[in-house]
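Single-structure report; data block below.
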Amino acid sequence: MTMTALGEPCVLLKLGEIILKGRNREVFEQRLRANIKFALKDYQLDIRQRHGVVALFLPEGTGVEIAEAVAARVSEVPGIVLVHLAWRVAKDPSVVTKAALELVRDTPEVARRARFAVRSRRRDKRFPLRSSELDRLVGGELHDAYGLPVDLSHPELTVSIEVDRDEVFLYTNGRPGQGGLPVGSSGRGLVLMSGGIDSPVAAYRMMRRGLRVDFLHFSGIPFTTSESIYKAYALVRRLDAFQGRSRLWVVPFGKAQQSIRASGQDRLAMIAQRRLMLKTAAEVARRHKASALVTGDSLGQVSSQTMANIVAQESAVDLPILRPLIGLDKSEVIAEARRIGTLEISELPDEDCCTLLAARNPELAAKIEDLKLIERRLDAEELASQLADSIQAYKLDA
């Protein structure tokens with residue numbers, strides 16, 4: 001591809017749900033632009049937006065490799081549906097035609113005579129050709145030059161042309177974005193982050209709904225090693241690609257677990273532990289201005305996640321508890337973890353603090369009064385406050 005024929009590379013971002021926000025749309029768009037700017041802070045860019053499309057212009061002379069890297073990075077920013085590596089050319093039909101010929105010349109679709117279509121969109125009505133006329137002009141040239149058959153219903157290759165105010169954009173493909181809403185547009189939450197598969201996926205799903213999240217990990221230290229902390233840190237590093245500026249706190253929880261075990265209520269120990277975790281998380285959330293907790297619970301997946309036990313845990317705190325995985329089965333969660341890049345980290349071995357209180361016959365329908373009795377013995381409210389005081393902050397590398 002020669003720069004002379006194709007002009008300059010750029011990146012086009014297509015918005016989805018944001019364009020339905022009516023009078024509040026500008027608020028969401030401003031948030032998205034700020035998130036894009038932060039995600040691409042290592043690049044020199046001119047960010048422009050109009051008609052539901054965000055265009056990222058790179059400095060003149062920038063190579064296509066840099067544009068591809070920008071496209072890959074910005075595809076991880078929630079709020080964007082499609083990311084296109086595109087080319088800017090002059091608003092002249094002959095220039096557009098030459099660029100289209102150059103754009104598809106060396107593609108695999110040309111080599112195998114794939115069915116193709118041209119789709120034009122004329123946002124600037126001053127352009128001398130209507131969309132249908134531009135489609136026929138460019139499509140005819142492509143057919144004559146490469147012998148490609150036209151298929152407007154099910155094309156294998158689509159050449160997209162967008163006539164904008166100052167230039168024309170051409171592209172043939174795109175990568176899917178994350179969709180959803182810009183992170184930060186729905187407030188702030190605190191994720192109870194284990195080293196398992198579920199909680200990172202729950203965090204991702206809430207980011208995708210616009211929630212900015214921080215992370216709280218409960219470690220079994222001093223009765224376990226630091227492996228779970230390393231895993232939690234690695235998971236937060238991966239998830240940080242979707243939001244940036246993530247914060248991780250770790251609670252040394254082993255001695256509190258020892259106190260729960262000493263209560264002698266083996267069947268209730270796991271639910272009592274979960275309630276204490278929630279109380280501690282709620283206290284941390286209040287201190288850091290988070291308005292909800294997020295967990296990876298899935299109904300019926302393990303004994304602590306029966307309906308009765310979820311209700312028993314819910315009553316431990318006043319903050320809302322968001323459970324985005326509640327109706328998913330394990331295979332669905334695993335598939336999403338693989339897609340977002342957390343599965344491989346979650347499958348690394350570690351000592352999960354929850355195993356310290358695993359009972360042979362755990363309670364499936366814990367009674368709240370029985371749990372409150374344990375908590376009175378432990379002075380759970382004061383213990384949760386002490387645990388919140390003991391959290392250790394882990395700063396992510398820049």
Side-chain angles (χ1 to χ4, degrees), residues 18 21 24 26-39 41 76-79 178 180-194 198-219 229 232-233 235-253 256 274-297 313-326 380-398:
I18 293 175
K21 292 302 179 181
N24 295 323
E26 179 59 27
V27 175
F28 288 87
E29 291 179 339
Q30 287 177 355
R31 176 68 66 175
L32 178 60
R33 289 194 296 270
N35 292 351
I36 292 169
K37 186 175 181 179
F38 181 81
K41 61 183 182 298
E76 294 187 312
V77 177
Q178 303 302 319
L181 299 174
V183 170
S185 61
S186 299
R188 183 180 291 276
L190 180 65
V191 177
L192 279 72
M193 172 64 81
S194 72
D198 300 331
S199 55
V201 176
Y204 165 77
R205 287 208 157 197
M206 295 316 304
M207 290 179 195
R208 195 170 171 270
R209 296 312 305 158
L211 195 70
R212 170 163 290 283
V213 300
D214 296 313
F215 300 88
L216 187 66
H217 176 69
F218 291 84
S219 165
I229 299 176
Y233 182 87
L235 287 166
V236 173
R237 278 290 304 274
R238 171 60 196 134
L239 292 169
D240 189 61
F242 301 111
Q243 69 168 10
R245 298 183 289 262
S246 299
R247 297 185 292 183
L248 169 65
W249 298 295
V250 175
V251 180
F253 200 58
R274 292 280 295 174
R275 281 174 60 96
L276 182 57
M277 286 179 169
L278 290 169
K279 288 178 182 293
T280 304
E283 180 59 30
V284 174
R286 290 188 188 97
R287 297 180 186 186
H288 293 279
K289 304 297 187 293
S291 55
L293 304 180
V294 179
T295 74
D297 294 341
Q313 294 169 59
E314 189 94 21
S315 68
V317 295
D318 295 329
L319 280 181
I321 302 175
L322 307 179
R323 298 180 172 91
L325 311 186
I326 195 69
E381 300 297 335
E382 176 60 25
L383 181 54
S385 180
Q386 292 174 4
L387 289 168
D389 290 338
S390 71
I391 62 173
Q392 300 171 337
Y394 285 75
K395 184 178 180 180
L396 300 187
D397 294 336

| Is there a side-chain contact between Val236 and Tyr394, using heavy atoms and a 4.5 Å cut-off? | no
| said: Nearest 0.5 Å, please: how far is CD in Glu26 from CD1 in Ile18? | reply: 10.5 Å
| task | Evaluate side chain to side chain contact (heavy atoms under 4.5 Å, CB included) for Phe38 paired with Val77, printing each intermediate quantity in order. | result | CA-CA 10 Å; Phe38 181 81; Val77 177; over 6 Å; no
| said: Distance check, rounded to the nearest 0.5 Å: Leu383 atom CG versus Gln386 atom CD? | reply: 6.0 Å
| said: Restricting to non-hydrogen atoms, name the atom on Phe215 and the atom on Met207 that form the minimum distance, rounded to 0.1 Å. | reply: CZ-CE, 3.8 Å
| query | Which pair of heavy atoms, one from Ala203 and one from Val191, lies closest together, and at what distance? | reply | CB-CG2, 3.9 Å
| query | For the side chain of Ser186 and the backbone of Arg209, is there at least one donor-acceptor N/O pair under 3.5 Å apart? | reply | yes
| task | Working to the nearest 0.5 Å, report the span between OH of Tyr204 and CG of Leu235. | result | 15.5 Å
| In Å and rounded to the nearest 0.5 Å, what is the CG to CZ distance from Leu293 to Arg323? | 9.5 Å
| request: Could you give me the CA-CA distance, side-chain angles and deciding distance for Asp198 and Thr295, then say whether side chain to side chain contact (heavy atoms under 4.5 Å, CB included) is met? | output: CA-CA 8 Å; Asp198 300 331; Thr295 74; over 6 Å; no
| query | Which atoms form the tightest heavy-atom contact between Val294 and Pro324, and what is the distance? | reply | CG1-CD, 4.2 Å
| Quick one: CG on Asn35 to CG on Leu181, what's the gap to the nearest 0.5 Å? | 11.0 Å
| message | Any non-hydrogen side-chain atom of Val251 less than 4.5 Å from a side-chain atom of Trp249? | response | no
| field | Side-chain donor/acceptor of Asp214 to backbone N/O of Leu248, under 3.5 Å | value | no
| said: Under a 3.5 Å distance rule, please check whether Arg208 uses its side chain to pair with a backbone N or O of Gln178 as donor and acceptor. | reply: yes
| message | Salt bridge or not between Lys279 and Glu283? Use side-chain N to carboxylate O under 4.0 Å. | response | no
| request: Please name the pair of heavy atoms, one in His217 and one in Ser194, separated by the smallest distance, quoted to 0.1 Å. | output: ND1-CA, 4.1 Å
| query | How many angstroms lie between OG in Ser199 and CG in Asp297, if you round to the nearest 0.5 Å? | reply | 10.0 Å
| field | Residues which pass side-chain hydrogen bond (donor to acceptor under 3.5 Å, both in side chains) with Glu29, listed by chain and number, not counting sequence neighbours | value | Arg25, Gln49
| At their closest point, which heavy atom of Ser291 faces which heavy atom of Pro320, and how far apart are they? | O-CD, 3.4 Å
| task | Might you point out which heavy atoms bring Gly296 and Leu325 nearest each other, and give the distance in Å? | result | O-CD1, 3.9 Å
| said: The test is side chain to side chain contact (heavy atoms under 4.5 Å, CB included); show your working for Leu239 and Met193 and say whether it passes. | reply: CA-CA 11 Å; Leu239 292 169; Met193 172 64 81; 3.6 Å; yes
| Main-chain N/O of Leu387 paired with Ser390 side-chain donor or acceptor, under 3.5 Å | yes
| Taking atom NZ of Lys41 as the centre, does the number of heavy atoms from other residues, nucleotides or ligands within less than 6.0 Å exceed 12? | yes
| field | salt bridge (charged side-chain N to carboxylate O under 4.0 Å, His left out) evaluation trace for Arg287 with Asp389 | value | CA-CA 10 Å; Arg287 297 180 186 186; Asp389 290 338; 2.8 Å; yes
| said: Under the criterion side chain to side chain contact (heavy atoms under 4.5 Å, CB included), I'd like the reasoning laid out for Leu190 against His288: C-alpha separation, chi angles, the key distance, then a yes or no. | reply: CA-CA 9 Å; Leu190 180 65; His288 293 279; over 6 Å; no
| Can you tell me if Arg212 uses its side chain to pair, donor with acceptor, with the backbone of Gln243 under 3.5 Å? | yes
